[in-house]
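Quick note: numbers below take in every heavy atom, side chains included, and nothing from hydrogens, waters or symmetry partners. Residue numbers start at 1 and run along the sequence shown. One-based numbering, in listed order, for ligands and for the atoms of each.
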Amino acid sequence: MNKIDFRSDTVTWPTATMRDAMRLAEVGDDVYGEDPTVNELQALAANTLGKEAGLFVASGSQGNLVSLLAAAGRGDEAIVGEANHTYNWEAGGMAVLGGIVPRVLAVDEIGRMSLAQIRAAIRPDDAHLPTSRLILLENTAGGCYGAAIPLDYFAAVREIADEHGLHVHLDGARLFNAATKLGVPARDITQYVDSVTFCLSKGLCAPVGSVVCGSAEFIHAAHRARKLVGGGMRQAGIVAAAGIVALEEMTERLHKDHANAARLAAGLAQIDGIKVEPVHTNMVFFTLHDDVTLNADAIAQQLREQHNIWIGARSARAFRAVTHYWVDEEAVDLLLKGLEQILSEPAAVNHEQQVGYYG
Ligand SMILES: *Cc1c(COP(=O)(O)O)cnc(C)c1O
């Protein structure tokens with residue numbers, strides 16, 4: 001039996017259609033701009049998101065990094081939410097490679113910085129101060145239970161950015177989950193931002209890659225930045241082919257993952273010893289009651305060893321389970337059954353806790 005993996009939607013294998021497309025992909029040297037499959041993917045992505053141009057990159061982190069390098073320079077400031085991936089989980093790339101100063105603001109329960117705080121964070125023109133240049137948004141908000149931030153917030157941030165000539169970049173690693181949740185085409189979200197990165201390699205199941213989209217001028221600069229960070233990939237059409245399938249076939253089915261997440265949450269709420277957080281899209285966060293003697297890592301280990309089910313232990317008492325193409329209703333029910341069984345026979349000993357990051 002294949003393992004059932006709820007740690008992240010990054011664990012998704014390519015579909016059979018993707019593997020066929022990869023095998024048959026026409027390729028060329030993409031550093032010369034000659035890979036027809038990469039060019040097709042970039043045009044498709046840009047068209048889907050209502051932007052002039054696209055750039056295929058190795059990962060979401062690389063997409064965010066080259067976007068920030070293209071939009072800002074040394075001593076420029078980026079206004080960013082405290083829970084955002086660009087600030088927390090990308091090795092400080094904006095500061096390390098861009099000399100960009102993060103201006104970190106608090107976020108609410110679905111990942112929004114307050115508009116008043118954004119306004120207050122924008123610097124006047126003064127030689128003592130960093131130069132405000134960027135506002136960084138994220139949708140869905142991975143650090144806030146995968147919440148989808150509604151369109152009106154994007155419209156309001158756009159207005160502020162226009163008043164002050166700021167660039168708005170969206171980390172849309174799970175953009176299509178957000179669009180699905182909001183019930184709108186993704187371009188309705190991206191119309192409010194200057195640039196966007198989205199991941200092909202998460203819920204869309206492609207093996208590798210993300211795409212950055214923006215104006216032709218912006219993508220020209222991002223392309224230079226991609227070279228700078230060693231991101232030129234030659235016959236990348238082999239992987240871009242799977243990305244085309246991801247955009248054509250996988251964006252319209254994400255509601256199934258959201259339904260499975262809701263099913264999982266409803267089941268967890270019925271299990272003694274578990275408290276489940278609000279579910280927004282494809283992520284389910286839950287914690288153990290104080291009276292449960294096992295810690296999260298020990299439970300995750302038992303699920304692996306006894307049931308071949310993998311989930312992420314986020315701390316000694318907290319888990320994250322992410323639904324995706326390769327976990328169906330039956331897998332959800334197996335996870336629920338496994339947890340119920342383990343929690344009904346608690347062992348006495350707490351094990352050493354290992355905390356992981358699963359993307
Ligand atoms: C996964 C993710 C990224 C990028 O991740 P990579 O592993 O570099 O592809 C960026 N932002 C968010 C919110 C993510 O969830």
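- When only interatomic distances are considered, the shortest N/O to N/O separation between Asp171 and ligand 1 falls below 3.5 Å.
- Polar contact with ligand 1: absent for Cys199 (N/O pair, distance under 3.5 Å).
- Not a single heavy atom of Gln62 lies less than 4.0 angstrom from ligand 1.
- Counting heavy atoms under 4.0 Å from ligand 1, residue Glu90 touches it through the side chain alone.
- When each atom of ligand 1 is checked for a heavy atom of Arg174 under 4.0 Å away, the hits are 15 (O).
- Under 4.0 angstrom from ligand 1, the non-hydrogen atoms of Ser61 come from both its backbone and its side chain.
- Under a 4.0 angstrom heavy-atom cut-off, Ala173 registers as being in contact with ligand 1.
- Taking the six-membered ring where tryptophan is involved, the planes of His280 and Tyr145 are essentially parallel, since the angle between them stays under 30° and well short of 60°.
- With salt bridges taken as basic N to acidic carboxylate O contacts below 4.0 Å, one links Arg158 and Asp162.
- With no hydrogens or angles considered, no side-chain donor-acceptor pair links Asn282 and His324 at under 3.5 Å.
- Counting non-hydrogen atoms of neighbouring residues, nucleotides and ligands closer than 6.0 angstrom, the CD atom of Glu252 reaches no more than 12 such neighbours.
- Set against the non-hydrogen atoms of Ser59, the atoms of ligand 1 under 4.0 Å away are 8 (O), 9 (O).
- Looking at His255 and Thr180, their side chains never bring a donor and an acceptor atom within 3.5 Å of each other.
- To the nearest 0.5 Å, the span separating CD on Glu249 from SG on Cys205 amounts to 10.5 Å.
- Annotation for ligand 1: atoms under 4.0 Å from non-hydrogen atoms of Glu138 are 13 (C).
- To the nearest 0.5 angstrom, Glu277 atom CD is 13.0 Å from Phe319 atom CZ.
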